Amino acid sequence: MKQKLEEILQNGLKEIDSANDLKVLDEIRVKYLGKTGQLTQILRGMKDVPAEDRREVGSLANSVRQKLEEKLSEKLAALENAQLELEMEKEKIDITEPSKGVKRGALHPLTRFNNKFIDLCVEMGFTVIQTPEIETDYHNFEALNVPKNHPARDMQDSFYITDNILMRTHTSPAQVRAMETMKPPFKIVCPGRVYRNDDDSSHSPIFNQFEALVIDENIGLQDFMIMVREMAVRLYGKNVKMRVRPAYFPFTEPSIEIDATCQMCQGKGCTLCKGTGYSEFFGGGIVNPAILEMSGIDSNKYSGFAFGPGIDRSVMVTNKIPNIKYLFRNDLRFLKQMR
Ligand code: PHE
């Protein structure tokens, strides 16, 4: 019996040693330690062993089982490890391999300027609003003190859809819509596309403006100038110079046009600024009290200022773009240079 156990142990160890996959290993376990396994049978047959030998044989059988179990679990760990290594080897990534190249996108220069200006206005406490691109004649003209047949309508050649509906010629109708719906005090800015029947290298029938309007008590030209100065500094840096010229808009009184250091030549004088060193920044002025009254705001209590920068010209100048049409063509060759 002892010899038999010794044989089982030696054979078992040898087989376990040479097992090279998990399935074979399990078969070996069943062969020796399973329900009908060789060792199990011996343990079951203990009752036939003479009483005086039972103890010795019993403890030997137990130690054989222990040794086989130990060997099995050692081998199991080794085989599992080997399998893991194999999988890791298969899934290895070569991080030194050259990449296929990533195509980098970029924001359109108009969008970039737009975002920059809007961020600036939001920091200054403005609410951003959007109003329709297809407007009523009332909001685009009449409520802005430009009655039918007023010569000021000639300043803006319009695309009419019907007698009373047109593509907005400027973002100023946003002023009217804000005054109609918001309670002063308020500060709004409205970015958007505008449309005029104009077409050459520096004019496009579609272009972009901002409308800014501030309404509060005791607002005067000095408040306007302080804000404009701050905006110019934040957009063009603190060395920016500004100058103010008188202008005319039916909806502001007084009206002014503000120029800032030409960004193409940094004030040295170039063809764009016709040697003056300045280029137009924007037009604006103190809101005409008649406009406030027309939209239901008490002009004895409230006053305000409004201004309307066009953004396409600024984008052209800062990016040295010779023709405004490039901004609207969606030509990738152009856009790629704008990164
Ligand atoms: N809407 C005017 C234009 O397009 C600009 C402007 C805006 C003037 C606000 C005064 C106040 O020319």
Side-chain angles (χ1 to χ4, degrees), residues 114 117 121 124 126-133 135-147 150-159 166-180 182 186-198 202-216 219-221 223-225 227-228 231-232 242 244-260 279-292 294-295 297 299 302-315 324:
N114 228 40
F117 195 78
C121 291
M124 289 179 149
F126 282 82
T127 303
V128 182
I129 66 166
Q130 294 217 287
T131 62
E133 284 178 34
E135 261 299 3
T136 62
D137 184 88
Y138 175 80
H139 288 94
N140 194 81
F141 287 129
E142 264 177 72
L144 289 164
N145 205 22
V146 190
H150 190 286
R153 289 200 180 200
D154 293 345
M155 284 161 71
Q156 308 182 349
D157 272 325
S158 320
F159 292 117
L166 71 161
M167 304 306 290
R168 68 177 170 198
T169 58
H170 52 175
T171 44
S172 296
Q175 288 188 39
V176 181
R177 291 189 177 271
M179 288 189 278
E180 281 173 349
M182 297 172 83
F186 60 77
K187 283 153 108 174
I188 59 103
V189 62
C190 173
R193 276 191 278 268
V194 301
Y195 304 83
R196 289 185 203 173
N197 193 1
D198 251 346
S202 58
H203 294 88
S204 154
I206 171 172
F207 59 104
N208 298 272
Q209 286 187 333
F210 278 98
E211 196 73 14
L213 173 68
V214 174
I215 303 283
D216 204 340
I219 292 284
L221 205 51
D223 304 295
F224 184 23
M225 294 316 300
M227 180 172 277
V228 169
M231 283 184 165
M242 287 176 18
V244 178
R245 291 175 287 116
Y248 171 73
F249 301 104
F251 33 98
T252 46
E253 187 59 41
S255 302
I256 55 176
E257 209 116 43
I258 298 167
D259 299 337
S279 63
E280 192 185 317
F281 192 22
F282 50 70
I286 295 299
V287 179
N288 189 328
I291 304 289
L292 295 173
M294 241 189 293
S295 292
I297 292 176
S299 65
Y302 293 106
S303 54
F305 58 82
F307 55 100
I311 76 171
D312 310 75
R313 202 65 55 80
S314 303
V315 170
I324 190 169

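Note that ligands are numbered from 1 as they come in the structure, with each ligand's atoms numbered from 1 the same way. Quick caveat: nothing in here was measured; it's all calculated off a predicted structure.
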Legend entry - F249 neighbourhood, listing ligand 1 atoms whose heavy-atom distance to it stays under 4.0 Å: 8 (C), 10 (C), 12 (O)
Legend entry - Under the side-chain contact (heavy atoms from CB on, under 4.5 Å) test, residues paired with S279 that sit two or more places apart: C262
Inset, instruction - Any atoms of ligand 1 less than 4.0 Å from a non-hydrogen atom of Q175? List them with their elements. - result: 9 (C), 11 (C)
Inset, instruction - Report yes if H170 has an N/O atom closer than 3.5 Å to an N/O atom of ligand 1; otherwise report no. - result: yes
Legend entry - Inter- and intrachain pairs under salt bridge (charged side-chain N to carboxylate O under 4.0 Å, His left out), touching residues 206-215, at least two apart: none
Legend entry - Ring-ring centroid check H170 F249, cutoff 6.0 Å: no
Legend entry - Within the 6.0 Å centroid threshold, strictly below: F159 and Y195: no
Legend entry - Region of F282 that comes within reach of ligand 1 [heavy atoms, distance under 4.0 Å]: neither
Legend entry - Q209: numbered ligand 1 atoms lying under 4.0 Å from its heavy atoms: 3 (C), 4 (O)
Legend entry - Residues, nucleotides or ligands: over 12 heavy atoms within 6.0 Å of Q130 CD: no
Legend entry - Exceeds 12 heavy-atom contacts within 6.0 angstrom, atom CZ of R245: yes
Legend entry - Polar proximity ligand 1 side, S172 side, N/O cut 3.5 Å exclusive: yes
Legend entry - R196, any N or O under 3.5 Å of ligand 1 N or O: yes
